[in-house]
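Here the structure is laid out as structure tokens; the discussion comes afterwards.
What you see is a predicted model; the values in this text were computed from it and never measured. Numbered from 1 within each chain, the chains take letters A, B, ... in sequence-line order.
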2 protein chains.
Amino acid sequence: MSKALNGTGFVSEELLARVVAAANQLGYAPHASARSLRSGASRILGLLVADITNPFFLTLVDALEKRASEAGYSVILCNSAEDPERERRNLQLLLSQRADGMILVPTRDSWAGRIAALTRLPFPAILLDRRLDGLDFDSVTIDNRMAGALAAEHLHALGHRKVAVIMGSPEMAIARHRLDGFREAFARHGVFLEESFVEKMAFDEAAAFRAAQRLIARPDRPSAIIATNNHLALGMLRAVADAGLSVPRDLSVMAIDDLPWFDVIRPRVSVVVQPSEAMANRCMETLLERVRSANGRVLPVEQIVLEPSLLVRDSTARPISTGAT
Amino acid sequence: MSKALNGTGFVSEELLARVVAAANQLGYAPHASARSLRSGASRILGLLVADITNPFFLTLVDALEKRASEAGYSVILCNSAEDPERERRNLQLLLSQRADGMILVPTRDSWAGRIAALTRLPFPAILLDRRLDGLDFDSVTIDNRMAGALAAEHLHALGHRKVAVIMGSPEMAIARHRLDGFREAFARHGVFLEESFVEKMAFDEAAAFRAAQRLIARPDRPSAIIATNNHLALGMLRAVADAGLSVPRDLSVMAIDDLPWFDVIRPRVSVVVQPSEAMANRCMETLLERVRSANGRVLPVEQIVLEPSLLVRDSTARPISTGAT
DNA sequence: CTGTTAGCGCCTTCAA
DNA sequence: TTGAAGGCGCTAACAG
């Protein structure tokens with residue numbers, strides 16, 4: 001009897017005991033599908049992540065899953081592996097499962113009609129880490145300009161004037177903002193970035209590797225290189241190691257995004273850290289608020305922006321000769 | 001009309017077209033719960049992982065999720081974070097969701113009645129990576145003795161005779177088997193492991209760090225150290241780096257389990273690799289076989305054991321002086 | 001306080 | 001070839 005198990009309605013001690021005993025005896029577990037069909041709520045949250053093998057996203061997923069289960073929701077984890085087609089299918093799946101809400105880290109390449117499909121969602125959704133143009137959803141992101149600026153201020157303070165950036169396409173808002181912040185911070189000190197030091201087409205580790213090799217081989221080698229995300233940092237570090245350069249004596253390096261092994265290797269890598277735990281918490285908090293007040297989107301859209309921070313370790317130091325400009 | 005959408009039964013062109021059009025128009029998505037209630041199959045697979053932040057498990061999860069979605073199943077990912085209580089709750093969840101099958105990487109500490117609960121499962125389940133005593137389930141594991149032996153053969157061939165092992169408790173089958181394999185391989189060459197060189201109580205990175213420090217500080221320092229999993233490798237590497245030792249000149253190190261950054265750092269770390277992709281594939285294959293032939297457990301139990309392999313990089317070399325014994 | 005009932009959306013069966 | 005009906009397990013509403 002549902003009243004007994006769910007604690008709704010009034011049931012005598014004795015009956016309750018009998019029901020519970022029988023339930024245990026039979027190994028009874030409530031049928032979630034039937035419940036969902038009847039009640040209209042699935043108590044399932046969708047987690048649609050662009051790439052779960054990215055350690056940064058994994059940290060988010062881990063924290064998100066924890067929070068969700070604490071709140072009594074289960075999570076269907078969908079990994080798009082940066083493939084738009086998989087993302088589309090995964091969205092369809094969550095639609096079918098009648099998820100109560102969704103957290104979306106969108107893929108970089110989008111499919112036709114994505115915005116349209118997202119605006120018509122029958123459940124609340126929130127964007128995490130990456131915002132989408134033309135979609136005024138709740139979102140939790142970091143201040144990417146500030147991330148760039150933090151790195152720039154640190155390098156400038158050390159005396160670096162010839163600095164290089166390894167990044168993906170400036171078409172991507174995140175990369176662009178990080179570069180802008182970096183550039184602007186230097187500019188505020190009267191230092192202007194040499195454009196040929198900005199490697200803009202590093203879309204993956206291999207490309208970052210080649211970009212770093214090019215930078216290292218230049219006669220006017222920069223005194224510091226920054227990689228704008230953890231994938232690119234991997235390629236950069238490999239190139240630096242291959243070249244036999246001594247860090248930070250010959251070259252300072254740093255990255256945006258921390259990685260668990262950045263303080264295991266020597267020299268330990270200086271980074272700009274994203275507050276992943278806080279991002280996950282705020283994100284889940286906000287989503288659950290929407291889910292619980294399921295009376296449509298009466299609440300105003302929230303665009304939560306958190307602040308990254310600088311973590312100085314050993315891979316950055318004063319350049320040997322603070323040459324011209 | 002279900003016949004039209006599902007392609008069952010016979011429907012005229014024209015009606016079909018009308019139905020499809022209407023479905024698109026309305027943004028119709030079949031209600032998975034209703035379908036599941038009616039058909040008894042949820043097309044959901046449970047993935048109950050001991051610790052998703054372990055990169056090795058993450059690789060498995062990634063491959064499993066891919067395979068499942070290719071086969072038309074969605075995955076509910078449950079992370080136990082090595083907490084037995086969370087594992088118990090997650091199992092309950094999958095029971096409620098009426099999963100069609102489950103892949104289980106069990107936590108190390110188990111809860112009372114776990115074996116009993118697992119034997120009564122109403123759906124097929126398969127163990128991955130870790131087997132459970134007293135449970136004759138299908139399983140996919142690696143030959144852990146062989147993993148130890150591969151490392152031992154490599155170190156012995158290089159001339160190492162005084163080697164140390166950093167491992168968790170020998171109560172855990174995996175750690176014990178790896179040690180056994182390691183010990184036996186050396187023994188076959190007439191070399192017997194010094195027992196005080198076997199650090200057996202390293203349960204986490206911090207403990208491995210201290211264990212490595214102890215080994216390094218000994219006057220009769222070993223010429224090689226092996227860590228039996230990736231967590232422990234982290235602690236070991238940190239201790240070695242802190243001590244300012246030059247690897248592999250002063251000390252050879254290696255690990256069981258590869259990590260994506262083991263070939264980024266210098267020296268690159270020699271390892272024994274587990275065939276994670278193959279493990280995931282065989283695992284999903286076997287489970288789906290069971291799920292599809294849902295006529296109970298008529299198929300014989302399969303215990304699939306895959307072979308690890310040796311990946312020699314730069315962290316192991318001949319010891320400087322091949323001293324006595 | 002306790003037992004009964006209707007109906008959630010789907011699919012299978014049967015009738016037209 | 002098409003329409004109608006029943007029932008999967010649950011919960012909310014209502015009757016005893």
Among D/dG9, D/dT11, D/dG6, the nucleotide that comes nearest once only the side chain of A/R35 is considered: D/dT11

When the distance from CD of B/Q97 to C1' of D/dC8 is rounded to whole Å, what number comes out? 16 Å

Using a strict 4.0 Å threshold on nitrogen-to-oxygen distance, state whether A/D100 and A/R43 make a salt bridge. no

Decide, yes or no, whether a salt bridge links A/R292 with A/E285 under the criterion of side-chain N to carboxylate O below 4.0 Å. no

Taking NZ, NE, NH1 and NH2 as the nitrogens, is one of them in B/R114 or B/E85 under 4.0 Å from a carboxylate oxygen of the other? no

Side chain to side chain contact (heavy atoms under 4.5 Å, CB included) involving B/T59 - partner list, sequence neighbours excluded: B/S276

Carefully, step by step, assess A/N230 and A/N54 under the rule side chain to side chain donor-acceptor pair (under 3.5 Å). CA-CA 8 Å; A/N230 56 22; A/N54 183 322; 3.0 Å; yes

Among the candidates D/dC10, C/dC10, D/dG9, find the nucleotide nearest to the side-chain atoms of A/L37. D/dG9

Gap between atoms CZ and P, on B/R38 and D/dG7 respectively (whole Å): 10 Å

d(NE2, B/H31; C1', D/dC8) in whole Å: 14 Å

Rounded distance (Å) that lies between atom P of C/dG9 and atom OH of B/Y28: 10 Å

Secondary-structure string, 5' to 3', Watson-Crick or G-U under 3.5 Å, | for another-strand partners, for DNA chain D: ||||||||||||||.|

Do NZ/NE/NH1/NH2 and the carboxylate oxygens of A/E277 and A/K66 come within less than 4.0 Å? no

